[in-house]
Amino acid sequence: MIVPLGHVLILAGLLFVAGLAGVLLRRNLIMILIGVEIMLNAVSLTLVGASAYWRHPDGQLFALLLMAVAAAEVTVALALVIYLKRSRGTLDVNRFDGMKG
Amino acid sequence: MVTVLFYTLAAITLATTVLCLTRNNPVHAVLYLVQALFALALLYFMLGAPLLAAWQVILYAGAIMVLFLFVIMLFEPPVADKRTSGRLTHWFFPVMLGGLLLACGGALIAMDPAAKASLSSYWLTPRDYGRALFERYALAVEIISLILLFAAVGAFHLGRRYRSTTKEDVS
Amino acid sequence: MMGELLFLIPLLPLGGALVILFAGGRMPRRMLSGVAIASVAASAAMTLWLWPLAGDRTRATLFTWLDVGALQLPVEILFSPLAAAMTLMVTVVSALIHVYAASYLHHEPDIRRFFTLFNLFVFAMLVIVLADNLLLLFLGWEGVGFCSYALIGFWYRNPDFAAAGRKAFLVTRAADVLFGIALLWLFRLTGTLSIEAINLQAASLPPTTVTILALLLLAGACGKSAQLPFSSWLPDAMAGPTPVSALIHAATMVTAGVYLLCRMFPLISLSAIALAVIGLIGAATAFYGATCALVQRDIKKVLAYSTISQVGYMFLAVGAGTVTGAMFHLLTHAFFKALLFMVAGAVIHLAAGEQDLFRLGQLSKRSPTLFWLLLVGALALAGVPLTAGFFSKDAILAACFARQTLWWTSLGIAGLVTAFLTALYAIRLVYLLAADRESASGHGPAPRGLVWPLLPLGALALVGGLLNLPAVWGGHETLGRWLETPAGALPSHDLEWGLAAATLLLVAGAWLFIRNRYRVPPTVSPGGAGVSFLAAGWQLDSLIRVIITAPFEKIGCLLEKSVERRLSATWPAGLGRLCQVTGQSWRVLTSGYVSHYLAAMAWGMVLLLAMLVVLLVL
């Protein structure tokens with residue numbers, strides 16, 4: 001396989017920015033979570049690419065750990081989504097401004 | 001041949017991601033995301049991480065995304081979001097932000113000589129993977145498992161239906 | 001080995017205080033006072049037993065208290081003859097007064113607090129006496145100050161008494177600051193705090209420094225010993241129970257200043273100016289105290305001013321260079337003044353709390369024993385020949401005259417005048433207490449516990465002169481030889497005889513004068529301006545108020561208005577408003593929308609990446 005490392009990184013960067021755009025632009029909480037997932041996957045890709053570049057297993061190991069953390073994050077986040085939907089009746093982030101100073 | 005496959009998969013990943021993020025119906029969005037994750041799993045495989053690719057499919061696509069689907073299905077009717085607001089100001093800053101990020105990242109990649117080094121897959125067998133994980137990072141594994149436990153407990157706590165405190169509760 | 005036992009002398013009263021403090025609540029009253037008396041009596045017995053050690057100037061170290069660089073501070077005591085004499089006096093007098101106090105405070109509910117503080121005081125006083133370094137001495141110095149404060153205000157529910165305690169504390173503290181300065185300065189100059197080492201090195205210090213140091217030490221001593229200008233606290237200190245007045249404010253604590261000067265005498269004697277000032281303060285205070293004592297109506301205040309006056313004599317002795325004389329007078333004064341105070345306490349007890357001399361009387365009929373004891377004490381105070389007070393006072397005056405300079409001769413004459421005044425007020429006291437008139441009625445005969453501790457003191461007041469009988473009277477100056485302290489200039493025999501005759505004449509004159517005046521029991525008369533001036537202690541309190549307190553208050557008010565209000569109100573309020581305004585304007589940033597926060601994070605990331613790009617490009 002003959003691909004420059006830079007291309008893998010550019011792909012990861014594009015995915016990351018796409019995820020970030022989703023997080024920033026969407027108003028639905030679930031869509032924001034999906035954006036976060038995409039950003040996490042972009043990072044995973046970087047790690048795997050780095051692992052191949054340095055010929056070292058650590059990158060892949062961290063990708064796995066990242067996956068586990070993502071699972072934990074999703075669990076809590078979805079529980080929060082359910083809680084918010086139940087208590088506020090909406091998932092529109094612009095309606096949640098309880099932290100307004 | 002392999003190179004072509006890489007770029008094809010990359011294109012698929014990007015396309016499904018963009019499609020996923022632009023859907024109004026979350027169910028559709030999740031399904032596109034699953035596709036993107038599959039493509040990413042193939043990319044992992046090509047880069048020499050077969051185990052990770054398998055987990056990507058089993059864990060991410062199989063468990064986490066299904067969890068998403070369940071949650072979305074819980075809401076009756078399924079949450080359908082209006083398009084994000086069409087106001088220019090709302091779009092302007094995030095797009096500029098993304099552009100700047102890409103520009104900076106691209107510039108950094110372009111400047112880095114390592115980026116030009118061609119990459120060949122670094123095969124890591126499940127055996128090596130397991131050794132590395134449980135020898136060097138055993139503590140990290142334990143910590144992650146605790147985090148998962150806390151997350152489960154937290155999710156359980158958040159998901160409980162609290163009855164309003166009435167006399168029966170007090171007694 | 002025996003040396004370590006010396007520590008038991010101060011530690012026994014401390015142990016007594018702790019036992020009473022922690023277990024006193026569960027003890028019967030008799031047992032509680034028994035513990036207090038026993039601990040002090042054991043300390044006195046210990047002193048007698050270890051007496052031979054004093055001849056070798058035994059020193060003993062318990063442990064090293066501080067060891068910081070150059071500062072080596074062992075908890076060390078020095079059992080020199082000087083300290084031994086003082087220790088014996090303190091422990092014996094304390095033990096007698098403890099016995100007396102147990103009877104005196106028979107109806108007092110809170111004797112636990114009283115005896116805790118009383119025993120603690122004895123401990124602190126013994127620390128002063130035995131300490132070999134100045135910091136340990138200072139510790140005891142402050143300890144007695146605290147106990148004095150707490151015991152003057154023992155009946156703290158009376159605001160006047162509590163205020164008297166505060167006054168004593170503050171006035172002595174003001175003087176202690178000067179003492180503290182001297183202490184630190186000495187450490188800086190000599191690198192040690194050991195009294196002996198400092199005295200040895202003193203000769204190598206520049207004379208001006210020595211003078212200033214001696215004056216600072218004098219100031220500290222003046223505060224503790226109620227000498228001018230720090231004297232005003234002692235008359236007020238009579239608010240405390242009479243045993244307190246007898247022990248702390250007559251026999252022991254007020255003489256701590258004299259003792260300090262005696263210990264530091266090798267240093268002080270290097271400066272003629274300091275000696276002259278000490279003599280001057282002593283003579284002036286002696287005269288001042290005697291004049292005030294002449295017109296007091298409160299029996300205890302007579303004795304308080306008398307104490308000020310007598311301690312003034314001791315200062316005069318130190319100034320005149322006769323440490324022996326000072327110590328001699330210190331000891332005899334402790335005997336007869338403690339005696340007088342305890343007689344006064346018994347008289348007050350008999351009269352159910354009446355302290356006004358013009359309402360007391362008929363003592364000789366009510367309690368002849370007390371009357372005789374009063375007579376003994378008063379005669380010793382007046383310096384009637386052959387009593388203890390006569391020998392000690394004459395030794396001081398003789399030392400003054402023997403210097404044969406104009407300065408010391410005039411101070412000696414002042415001392416003689418004071419001796420006449422002393423005889424006047426001492427005899428006046430006797431006449432007023434014995435006056436045949438209606439007096440406040442009270443309990444029956446004085447309890448035995450109030451009388452028998454006075455008997456040994458009475459005996460000592462009578463024959464205490466034998467301790468240091470001058471050669472003229474066929475003695476050997478035993479005390480002086482034993483203490484090995486400087487005795488000052490040697491007076492000629494003619495001078496001594498002349499002084500004895502003068503004293504006799506003065507006492508006789510005073511007796512005739514008082515007899516003439518008080519033969520008919522006097523009625524209460526308002527008295528002229530002069531009398532009220534003297535009765536108020538020469539208006540010393542008002543003077544201090546005008547000179548020190550009032551300006552201090554004015555400066556305080558001024559500072560409060562000009563500085564403090566700005567610092568504590570105006571400026572902080574401005575700062576607060578500034579914070580509020582900025583906070584209000586920055587509030588916009590916290591919109592509460594998650595996407596805004598995330599955007600901010602992303603902008604931060606852009607910034608970091610841009611920085612990296614710029615760094616790489618450069």
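Every chain is numbered from 1, with letters handed out A, B, ... down the list of sequences.
- Of all non-hydrogen atoms in B/Gly48 and A/Gln60, the two that sit nearest each other are O-NE2, 3.3 Å.
- Counting only distance, with no hydrogens or angles, the side chain of A/Arg55 and the backbone of A/Ala52 share a donor-acceptor pair below 3.5 Å.
- Contacts with chain A were tallied for B/Gly154, B/Gly105, B/Ala10; B/Ala10 has the most, counting heavy-atom pairs under 4.5 Å.
- Residues B/Leu43 and A/Leu11 meet the side-chain proximity criterion, which asks for heavy atoms closer than 4.5 Å.
- The part of B/Leu97 that comes within reach of chain A is its side chain, from C-beta onward, which places non-hydrogen atoms under 4.5 angstrom from that chain.
- In terms of heavy-atom pairs under 4.5 angstrom with chain A, the leader among B/Trp123, B/Phe150, B/Tyr60 is B/Tyr60.
- Your options are B/Ile109, B/Leu108, B/Leu5, and the one with the most heavy-atom pairs under 4.5 Å with chain A is B/Ile109.
- For B/Leu33, the part lying under 4.5 angstrom from a heavy atom of chain A is the side chain only.
- Interface check for chain A: of the options B/Val141, B/Leu40, B/Val95, the most heavy-atom pairs under 4.5 Å are formed by B/Leu40.
- Between the B/Lys116 side chain and the A/Leu5 main chain, no donor and acceptor come within less than 3.5 Å of each other.
- Atoms NE2 and OH, from B/His157 and A/Tyr83 in turn, are 8.5 Å apart once rounded to the nearest 0.5 Å.
- Taking chain A as the reference chain and counting heavy-atom pairs below 4.5 Å, the highest number among B/Gly98, B/Ala49, B/Cys20, B/Ala140 is found for B/Ala49.
- A/Asn41 and A/Ser44 are not linked by any side-chain donor-acceptor pair at a separation below 3.5 angstrom, with hydrogens and angles left out of the test.
- Of the two parts of A/Leu40, only the side chain, counted from C-beta on, holds a non-hydrogen atom closer than 4.5 Å to a non-hydrogen atom of chain B.
- With a threshold of 4.5 angstrom between heavy atoms, A/Ala21 does not approach chain B through any atom at all.
- A donor-acceptor pair is defined here as one N or O able to donate and one able to accept, closer than 3.5 Å; such a pair exists between the side chain of A/Thr90 and the backbone of A/Asp92.
- Looking at B/Leu52, the atoms closer than 4.5 Å to chain A (heavy atoms on both sides) sit in the backbone and in the side chain alike.
- Contacts of B/Leu67 with chain A are made by both backbone and side-chain atoms, with heavy-atom separations under 4.5 Å.
- For chain B, the option among A/Val69, A/Leu61, A/Asp58 with the highest count of heavy-atom pairs below 4.5 Å is A/Leu61.
- For the pair A/His56 and A/Ser51, the minimum side-chain heavy-atom distance is 4.5 Å or more.
- For the pair B/Arg131 (side chain) and B/Arg136 (backbone), a donor-acceptor distance under 3.5 Å is absent.
- Contacts of B/Val30 with chain A are made by both backbone and side-chain atoms, with heavy-atom separations under 4.5 Å.
- Ranked by heavy-atom pairs under 4.5 Å with chain A, the first of B/Leu102, B/Ile147, B/Asp112, B/Ile144 is B/Leu102.
- When the candidates A/Ile34, A/Leu24, A/Leu65, A/Val76 are compared by the number of heavy-atom contacts under 4.5 Å with chain B, A/Ile34 comes out ahead.
- In this structure, the portions of A/Leu9 lying under 4.5 Å from any heavy atom of chain B include both its backbone and its side chain.
- In terms of non-hydrogen atom pairs under 4.5 Å with chain B, the most contact-rich of A/Ala77, A/Pro57, A/Ala63, A/Gly22 is A/Pro57.
- Of the two parts of A/Glu37, the backbone and the side chain both hold a non-hydrogen atom closer than 4.5 Å to a non-hydrogen atom of chain B.
- In this structure the side chain of A/Leu64 reaches within 4.5 angstrom of the side chain of B/Tyr129, judged on heavy atoms.
- With a 4.5 angstrom heavy-atom cutoff, B/Phe68 touches chain A via backbone and side-chain atoms both.
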